[in-house]
K.L.:
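I'd like to ask some things about the structure below.
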Amino acid sequence: MEVSVQDVAMPGDVIKEIFKSGGTKEKTILGPGLRRDGDVVYACKAGVVKKRDPSIYYIDSYQKRYIPRRGESVVGVVTQKAGDIFKVDIGASEQASLSYMAFEGANKRNRPNVQAGDVVYAKLLVASKDMEPELICVDSHGKKGKLGILSPDGMLFTCSINLVRKILNPECPLINMLSKRKVCELAIGVNGKVWIKSRSVQDTIGIANAILATEYTSTENMKAIFDELFDGIAAPNDCSTLP
């Protein structure tokens, strides 16, 4: 069956607009959910066919199981230590590995203090279907930046990957609304895990509820929900985000 952009596609359906309206083959980029066989592009998972300018196609689907991709920032939980490697649960089909050398300033004498149960904000260095995912907590210059071990005083919860994509969209006003109402720190992983630290348990729970409530809420109705949850009480603009 042939489908077009904005149509619902099932695995095996042919996306007929690709390579016709997108110009030359070199300029067409296939995102998640699409697979190419010659000049024909097939859908390999169910969802809505989306297009982003200039010529990027992908399948937008509701999913909870995270598929690691190189370069993405994730929030994970350290589950165990195996020699010089830490095992981290990032919500994928298998756990990721995190070397003790993947931290800023780490060496054989100066090892990071990482324990089972710690929450880490890291970036995927290796993400292949044939290899175990590998994480790092430094950037290309060897600096940690906003990566690393997160405070145990925060709260970690899991949401859908669709909600995370919505939050990280520059057009979503969620972060700006939070910054005007509550003082908090956020670490948002594209794997569907969000870590929050605020001044009180009540504020932390309120922020978590506000984030979860935005999944099926339009942009126009977000302000009303925030006003209801926080009673219109504003706080200093000090909400830092780790996207």
Side-chain angles (χ1 to χ4, degrees), residues 1-75 90-93 96 121-131 133-136 139-141 145-147 159-176 187-194 211 214-222 241-243:
M1 178 178 177
E2 292 188 349
V3 295
S4 303
V5 176
Q6 300 300 331
D7 290 343
V8 176
M10 299 298 291
D13 287 348
V14 177
I15 316 301
K16 59 183 180 181
E17 294 184 10
I18 301 182
F19 296 151
K20 294 181 181 180
S21 60
T24 62
K25 299 180 181 179
E26 290 76 18
K27 294 183 181 180
T28 301
I29 300 175
L30 301 182
L34 297 176
R35 181 172 297 177
R36 175 182 172 184
D37 184 9
D39 288 341
V40 181
V41 176
Y42 296 93
C44 54
K45 67 178 182 180
V48 180
V49 183
K50 297 285 187 178
K51 179 184 178 182
R52 184 180 300 171
D53 293 335
S55 187
I56 303 174
Y57 296 85
Y58 62 97
I59 298 290
D60 186 10
S61 62
Y62 185 91
Q63 64 182 64
K64 286 191 175 181
R65 174 59 59 86
Y66 173 63
I67 301 175
R69 294 183 180 86
R70 187 176 186 272
E72 292 184 338
S73 299
V74 297
V75 177
I90 60 173
S93 58
Y121 184 62
K123 190 177 291 291
L124 279 160
L125 178 65
V126 176
S128 171
K129 63 179 181 179
D130 302 318
M131 299 177 63
E134 183 178 342
L135 300 172
I136 55 173
D139 57 18
S140 58
H141 301 287
K146 297 180 180 180
L147 304 174
C159 61
S160 69
I161 296 178
N162 282 45
L163 176 56
V164 169
R165 291 173 180 168
K166 183 176 182 179
I167 295 172
L168 297 178
N169 190 327
E171 298 180 359
C172 180
L174 173 68
I175 303 302
N176 290 333
I188 303 173
V190 294
N191 58 331
K193 296 184 182 295
V194 180
I211 292 175
T214 60
E215 181 167 7
Y216 302 107
T217 304
S218 62
T219 304
E220 295 77 14
N221 296 332
M222 281 186 187
T241 310
L242 311 178

K.L.:
Could you work out, with side chain to side chain donor-acceptor pair (under 3.5 Å) as the rule, every residue matching Tyr66, not counting sequence neighbours?
P.N.:
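For Tyr66 the side chain to side chain donor-acceptor pair (under 3.5 Å) partners, ignoring immediate neighbours, are Glu72.
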K.L.:
Please examine the side chains of Val190 and Val74, heavy atoms only from C-beta on, and report whether any two atoms are closer than 4.5 Å.
P.N.:
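The answer is yes; the side chains approach within 4.5 Å.
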K.L.:
Look at the side chain of Asp13 and the backbone N and O of Met10, then say whether any donor-acceptor pair between them is shorter than 3.5 Å.
P.N.:
yes
K.L.:
How long is the gap from NZ on Lys45 to CG on Leu34, to the nearest 0.5 Å?
P.N.:
9.0 Å
K.L.:
For a quick test of reading the model, state the closest non-hydrogen atom pair linking Arg69 to Leu124 and the distance between them.
P.N.:
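Reported closest heavy-atom pair: O-CD1, 3.3 Å.
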K.L.:
So, using side chain to side chain contact (heavy atoms under 4.5 Å, CB included) as the criterion, who are the partners of Val126 when residues are at least two apart?
P.N.:
Met131, Glu134
K.L.:
Assess whether side-chain contact (heavy atoms from CB on, under 4.5 Å) is satisfied between Ile29 and Tyr57, documenting all intermediate values.
P.N.:
CA-CA 6 Å; Ile29 300 175; Tyr57 296 85; over 6 Å; no
K.L.:
Under the criterion side-chain contact (heavy atoms from CB on, under 4.5 Å), I'd like the reasoning laid out for Ile161 against Asn191: C-alpha separation, chi angles, the key distance, then a yes or no.
P.N.:
CA-CA 6 Å; Ile161 296 178; Asn191 58 331; 6.0 Å; no
K.L.:
List in chain and number order the residues that pass side chain to side chain contact (heavy atoms under 4.5 Å, CB included) with Ser160, two or more places apart in sequence or in another chain; answer none if no residue qualifies.
P.N.:
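Side chain to side chain contact (heavy atoms under 4.5 Å, CB included) list for Ser160, sorted by chain: Tyr62, Asn162, Leu163, Glu215.
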K.L.:
Using side-chain contact (heavy atoms from CB on, under 4.5 Å), reason through Val3 and Ile15 one step at a time and then give a plain yes or no.
P.N.:
CA-CA 5 Å; Val3 295; Ile15 316 301; 3.4 Å; yes
K.L.:
Where do Val75 and Ala187 come nearest, in terms of heavy atoms and distance?
P.N.:
CG2-O, 3.7 Å
K.L.:
Kindly state each residue pair satisfying salt bridge (charged side-chain N to carboxylate O under 4.0 Å, His left out) with at least one member in residues 161-170, sequence neighbours excluded.
P.N.:
Asp60-Arg165
K.L.:
Can you name the closest pair of heavy atoms from Gly192 and Val164 and give their distance?
P.N.:
CA-CG2, 3.6 Å
K.L.:
Quick one: side chain to side chain contact (heavy atoms under 4.5 Å, CB included) partners of Leu174, sequence neighbours excluded?
P.N.:
Ile167, Cys172, Leu178, Ile211, Thr214, Phe226
K.L.:
Rounded to the nearest 0.5 Å, what separation is found between the CD1 atom of Ile59 and the NZ atom of Lys50?
P.N.:
10.5 Å
K.L.:
Mind listing the closest non-hydrogen atom pair of Val49 and Ala9 along with its distance?
P.N.:
CG2-CB, 3.7 Å
K.L.:
Leu147: which residues meet the side chain to side chain contact (heavy atoms under 4.5 Å, CB included) condition with it, sequence neighbours left out?
P.N.:
Tyr121, Lys123, Cys137
